[in-house]
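A quick write-up on the structure given underneath.
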Amino acid sequence: MTDEDLNIQFREAVDFVNSYTEPMPADLLLKLYAYFKIANKNYNNPGSKTPLINAFKANALIQAKNISAEDAMRKYIQIVDAEIRGSK
């Protein structure tokens, strides 16, 4: 898969998640959050007004910290395909 193909598939997966209206488990959302942030090379601290949510987001980022942006995109796509699209 080329970098361009990966970027296209990642953006399609992000768009799918953004338009998805069914509730998702919190652990799945945290994984998607971490992979999205890493894929976009956005290493800013979580910006929630709720300290507990910030802690969960920070923990998700720590767990995924040693992967590249490209691997984060692949993992994001895999989760969307297996856990969200595959569950329909």
Side-chain angles (χ1 to χ4, degrees):
M1 174 182 316
T2 68
D3 286 345
E4 184 177 345
D5 291 337
L6 179 60
N7 281 310
I8 290 169
Q9 286 186 10
F10 176 68
R11 287 291 156 215
E12 287 173 351
V14 169
D15 290 343
F16 182 82
V17 168
N18 287 338
S19 66
Y20 195 73
T21 58
E22 298 297 317
M24 286 187 251
D27 62 327
L28 184 68
L29 290 171
L30 287 167
K31 287 178 188 176
L32 291 172
Y33 168 81
Y35 293 140
F36 179 84
K37 294 271 283 187
I38 292 168
N40 287 288
K41 299 178 183 176
N42 179 349
Y43 303 109
N44 295 334
N45 290 329
S48 175
K49 293 180 181 179
T50 307
L52 184 60
I53 291 173
N54 282 337
F56 281 118
K57 287 180 173 182
N59 185 50
L61 284 167
I62 289 168
Q63 290 180 27
K65 72 178 179 181
N66 292 325
I67 64 171
S68 68
E70 292 78 17
D71 284 341
M73 286 185 209
R74 287 185 192 94
K75 289 183 179 289
Y76 190 101
I77 294 164
Q78 289 170 354
I79 289 173
V80 171
D81 287 347
E83 302 291 331
I84 304 171
R85 287 181 177 155
S87 67
K88 284 190 144 190

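For clarity, every value in this text was computed on a predicted model and none was experimentally measured.
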Inset, instruction - Answer yes if Leu30 and Met24 sit in the same cluster of Ile, Leu, Val, Met, Phe, Trp and Tyr residues linked by side chain heavy atoms under 4.5 Å apart, and no otherwise. - result: no

Only pairs under 3.5 Å count here: list side-chain donor-acceptor contacts from residues 51-66, not counting sequence neighbours, and write none if there are none.
| unit_1 | atom_1 | unit_2 | atom_2 | d |
| --- | --- | --- | --- | --- |
| Asn54 | OD1 | Ser48 | N | 2.9 |
| Asn54 | ND2 | Ser48 | O | 2.8 |

Inset, instruction - Tell me whether Leu28 is reachable from Ile67 by hopping between hydrophobic residues (I, L, V, M, F, W, Y) whose side-chain heavy atoms are closer than 4.5 Å. - result: yes

Inset, instruction - Name all residues meeting the side chain to side chain contact (heavy atoms under 4.5 Å, CB included) criterion together with Leu6; count only those two or more places apart in sequence or in a different chain, and write none if there are none. - result: Met1, Glu70, Met73, Arg74, Ile77

Inset, instruction - Would you mind listing every ring pair (Phe, Tyr, Trp, His ring centres under 6.0 Å) that reaches into residues 57-80, with sequence neighbours excluded? - result: Phe10-Tyr76

Legend entry - Straight-line distance of Ile84 CD1 to Glu22 CD, nearest 0.5 Å: 11.0 Å

Inset, instruction - With rounding to the nearest 0.5 Å, note down the distance linking CG in Leu32 to OH in Tyr20. - result: 11.5 Å

Legend entry - Nearest heavy-atom neighbours spanning Ile38 and Ala72: CG2-CB, 3.7 Å

Legend entry - Set of residues satisfying side-chain hydrogen bond (donor to acceptor under 3.5 Å, both in side chains) with respect to Asn42, sequence neighbours excluded: Lys37, Asn44

Inset, instruction - Sequence neighbours left out, what passes side-chain hydrogen bond (donor to acceptor under 3.5 Å, both in side chains) with Thr2? Give chain and number order. - result: Asp5

Legend entry - Residues which pass side-chain hydrogen bond (donor to acceptor under 3.5 Å, both in side chains) with Asn7, listed by chain and number, not counting sequence neighbours: none

Inset, instruction - Can you run down the side-chain hydrogen bond (donor to acceptor under 3.5 Å, both in side chains) pairs that involve residues 24-36, sequence neighbours left out, and say none if there aren't any? - result: none

Inset, instruction - Please report the shortest heavy-atom distance between Glu12 and Arg85, naming the atom on each side. - result: O-NH2, 3.7 Å

